[in-house]
Every structure is written in C-alpha cells, then in structure tokens.
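Have a look at the structure below, then the notes.
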Amino acid sequence: ALVSPGDHPQIASSTFNPAYTVNRYWTLINNGVAGFTSYDAVFNFAGGDLDPGTDPFSLVAGNYDGVTWTYPAAGTRTITSIQATGLTSFGDFQLGVFVAIYRSAGTGEWIQASTWEILAGASWIAAPSSPSAGSGTINILATHTVTLTSGLSADELTVDAGGTLILSDTLTLSDGTGNDLLVNGTIICSGANIITGAGSFVMNPLSAIEIGSPQGIASDGSSGSIQVSSPTFDQTSDYTYAGTEAQVTGTGLPASINNLTINNSTGVSLGNPVTINGTLILTDGGFTINGTLAFQNSDTPVSRGAGSISTSPTANLVFGTAGNTGGAAFTVPAATFTSDPTITNLTINRTNSLTLNEQLLSVRGVVLCNGPLITNNNLILLSDASGTALIDGSGNGTISGNVTMQRYLPQGFGYKYISSPFASSAVSELDDDIDLAFWYPTLYAYDESRSSSGWVAHNNLADPLSPLSGYAANFG
C-alpha cells in the first residue's frame, strides 16, 4: 500500500465534500494474489489529518479505479481509522464525508447509519454513514425520533412536524447556508445538554421544545439549553421545563406562548410575565410566580397532575383580556396551588364563568371582574397597614358566592365609619365583629331623609347593609 499526502487529485468528481476529508489517500495494488472473492481493509490516519469540524464517525471510504468512484460498505470506525468491507477491486482510496441529502429512515440513534437514508438520483437508498456538518441537508421526518448520544457538528438540519430530536450530548451548529437548525417538530434538550455553535436556531410556529438547563432559555443565547447567537423562539409553540435541578424559565421564553408544561420535581420559577394561550400543564413540581401569569381564551387554562403553582404576594393572575374573552366555563383544579395563595391582583375577562377551587385565594390589590366569577366561598380581600384590597367598580361582571372583606383598624375603640360594596349583605355579617346585642346601639345607619339627626340604630340582624350607604360601627 502507498500513502500520499493531501486529497485525491480527482476528489472533485466524487461525492465527498472536500472541506471534510482526511488529507491523505491510499493506493492498494494486487501483488499477484489470485482466487480471492473479496477483502476488507483498515485505513489508519492521524487526528491532524482531519479537516476542521470533520466527524471521524461519519467518514466513508471511496475507491477510485481511474475512471469512476465507488463507495464500499463501512465496518468499524474509530477516531483514527475506518474499515472498508467487501472490497473486490483495487486502486486509490480517499476518506471523507458525503455531500449528500439525508433524511431519517426511522427511529434510532444519530450515529447509526441505519437511522438514515441518502438521495441517490431520484431514489432514496440506505446511508453508508450518519450525517454531520460536511453533509448536505438533513431532515428528521414525521413519526421518527432521532437521539444524539455523542457530540457532533451539523448544518442545514430540519426537524419536520411530528419528528423529534433528542439531545443526550452537545449539538454544535455550523454556520452554513440558510437556517442551520429549523424546528417544525419537537426538540428535547435533556439535562444539561445544549445546542451551541455559530449557526442559527429557529423554532417555527406550532413546534415544541423541552428544556433541561437550570438557566432555561436566554433571548441572546448566552446561557441555557440553546446557546447560539440570537435564537428564534416562536410565540405559538409549546415549551416544557423538565430539568433535574431547580430551573428558571429564562429571558428567551416569549411573552405569549401556546402550552407550558412544568415537569421538574425540584421546581421552576417564572422569570418574566407570560400569557398562555393554550394550557398550563402542571405535571410535577412547583411553578413559582412572582409577576403576572395570564391565560387567554383556552377552554382548559390549567391542567394538573402532581404539580402546583406557588405564588408570591406580588403575583398577578389574569384570565382573558378585553376583546379576548373566549373559553368554556372552567373550575380551577383542586390543589392547583402549593398552599392557599396570596396575590396582588385578580383580573377576569371571560364570557363564561371561572370558579375558584377549594383553596382560599387572598387578594392584596384589586379584583377586576368582567365576566362571571364564582368564588366557591374562597375569596378574601385583605387589609393591613399598607393598604386594603377592593373590587374595581368599573367591572361589568358578577361575583357569586361569599367574599370575605377585611378592613384594617389601627385601633378598635369607638365608632368607625363603614360601607358595604355587596348587594346582598346584611347586618348579621357583622355579628362576629361587633356586639350587636349590647344594651346600647353599636351600629347606626345614616338616613338622609330625616330632618334632625340622620343617625338611627341599625342592630337588627336581618337589616340590609346597602351599597353606597354609610354606617357607624362600634368595634369596642
């Protein structure tokens, strides 16, 4: 065997990409051996012979007989060798990566040639090797799941709708022609495995991504599961957080998305306000809300498995917006919250009813209701030294069920002026706050029609507490 430096002089007539080859070629001569039917050959090379970015496990051997190239089947590959099997002729041999159009042949590991097909003329044939950055376009087809189990570089990769790419190692995107990774289907970045490189990452509408990084996804690609410059995350796509340690959603999560799934037993924190147009799916773990979580038009805004929402007092919950009031009547699932939630504002903009669950929802700020809210007797308007919650009178909706209204008093001694915002309130509702049976009236109503003092005793338990009317109550 003879070894010559550099690529073969006739490499331009081959199907190899000359930028992804082993920079040497071999010449094998039959030195008088007769009667053989076939043979195998192992071609060894130094790591420095590989063009930059060439994946040694994607190499193929090409045999040039002086006129045409043929490509024998590949046997065992290592990082510095490749075996060519079933050879029946001699001549020159070049190692390289095909410039070929690849598509998935079925579900399997990326590194396995059997997972792929290449286009030969008008026909698809079994691929002699798996694709890499030196290949042509690469498509993962619908219903196929391809798993990347060892790191490699790729370019012009498309995951079709219904197809799935699972990363169990790092995928490096080369900056080639067009989009370097286009996601129409699903991409799963398991654990801390990432997508990186100089190439582009684009999620198309209705695609999906599963995120494993503790940093979630970043809008500038500086951290998290997708670490390429200016990745594109779509607003109509589905996002799943499924890490094995505590995660934040990250700055890359769009302000408006389709479905959001929380499947992390150690918890996920919402970094920026988000509107969910589909469903919040609480599969496992806590979802911590410090800002605004909004739901838009969905028949099922929340679906709960073993997960739950943890709210801080600064959180806001919004169901619908003006002009977007769709969605069927909905009841918040049982145990949706990790514990009885306390939030700042609750906003309802739904044509059909929203019913609270069995957990007591405490509001510190404003309840704005433009639609039917059924409290299930579990709504409380908080009051303390910092402020008092209220129901926004500009709302055109209805609130059904008991509402507990607090009023903070720096001291209880003497009469205090009060009024009720509720249409069906009665004096009896103050019975646990003041002594209505005391010998001297402890509650007065103000009657503007009286010519003398307008204050009249109002201690009868059945008497109404009318909205916009004034009362004086002695709390002790």
Side-chain angles (χ1 to χ4, degrees), residues 311 313-318 340-349 353-356 358-476:
T311 62
T314 60
N316 303 303
L317 293 177
V318 178
D340 287 354
T342 297
I343 63 174
T344 295
N345 298 316
L346 174 65
T347 302
I348 310 296
N349 287 289
S353 63
L354 176 75
T355 302
L356 302 183
E358 82 291 353
Q359 296 172 290
L360 184 63
L361 175 62
S362 298
V363 178
R364 300 171 61 246
V366 176
V367 176
L368 174 60
C369 192
N370 290 306
L373 172 63
I374 302 173
T375 70
N376 199 20
N377 303 331
N378 284 313
L379 177 62
I380 183 169
L381 303 178
L382 297 177
S383 182
D384 57 26
S386 66
T388 297
L390 56 85
I391 296 174
D392 190 331
S394 68
N396 57 22
T398 60
I399 299 178
S400 304
N402 291 342
V403 177
T404 300
M405 181 180 65
Q406 295 183 349
R407 282 297 180 267
Y408 171 76
L409 298 175
Q411 59 181 4
F413 180 76
Y415 286 89
K416 309 294 181 185
Y417 297 120
I418 66 172
S419 182
S420 172
F422 303 119
S424 301
S425 298
V427 170
S428 60
E429 296 178 44
L430 295 175
D431 195 29
D432 58 344
D433 300 300
I434 61 178
D435 185 3
L436 293 170
F438 194 65
W439 68 271
Y440 190 86
T442 53
L443 180 67
Y444 287 90
Y446 191 80
D447 184 355
E448 297 179 358
S449 67
R450 290 171 62 93
S451 58
S452 58
S453 173
W455 292 108
V456 294
H458 201 66
N459 281 41
N460 189 325
L461 296 180
D463 285 345
L465 293 175
S466 302
L468 301 181
S469 295
Y471 303 92
N474 191 327
F475 290 95

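The shown structure was predicted, so the numbers you read here are calculated from the model rather than taken from an experiment.
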Check whether any side-chain heavy atom of [X] sits under 4.5 Å from a side-chain heavy atom of [Y], and report yes or no.
X: Asp384; Y: Leu382; answer: no
X: Glu448; Y: Tyr446; answer: yes
X: Gln406; Y: Thr388; answer: no
X: Thr342; Y: Arg364; answer: yes
X: Leu430; Y: Leu443; answer: yes
X: Ile399; Y: Ile391; answer: yes
X: Leu379; Y: Leu356; answer: yes
X: Leu461; Y: Asp431; answer: yes

Minimum heavy-atom distance [X]-[Y], with the two atoms named:
X: Ile343; Y: Ala315; answer: CB-O, 3.3 Å
X: Asn378; Y: Gln359; answer: CB-O, 3.5 Å
X: Thr311; Y: Pro341; answer: OG1-CB, 3.5 Å

[X] side-chain N/O to [Y] backbone N/O, donor-acceptor pair under 3.5 Å:
X: His458; Y: Pro464; answer: yes
X: Thr355; Y: Ile374; answer: no
X: Tyr471; Y: Ser466; answer: yes

Candidate list Val366, Leu346, Val367, test side chain to side chain contact (heavy atoms under 4.5 Å, CB included), partner Leu381, passing option: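 Considering Val366, Leu346, Val367, a side chain to side chain contact (heavy atoms under 4.5 Å, CB included) with Leu381 is found only for Val367.
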
Do you know which of Asn460, Asn459, Ile434, Leu436 makes side chain to side chain contact (heavy atoms under 4.5 Å, CB included) with Val427?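 Answer to the side chain to side chain contact (heavy atoms under 4.5 Å, CB included) test with Val427 among Asn460, Asn459, Ile434, Leu436: Leu436.
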
Euclidean distance, [Y] [atom2] relative to [X] [atom1], rounded to 0.5 Å:
X: Asp392; Y: Ile348; atom1: CG; atom2: CD1; result: 12.5 Å
X: Ser469; Y: Ile418; atom1: OG; atom2: CD1; result: 11.0 Å
X: Tyr440; Y: Asn474; atom1: OH; atom2: CG; result: 9.5 Å
X: Ser383; Y: Leu409; atom1: OG; atom2: CG; result: 8.0 Å
X: Ser420; Y: Glu429; atom1: OG; atom2: CD; result: 7.0 Å
X: Ser453; Y: Asp447; atom1: OG; atom2: CG; result: 10.0 Å

Mind checking whether Tyr444 and Trp455 have parallel, tilted or perpendicular rings, split at 30° and 60°?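 Taking Trp455 first and then Tyr444, their aromatic rings stand perpendicular (interplane angle over 60°).
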
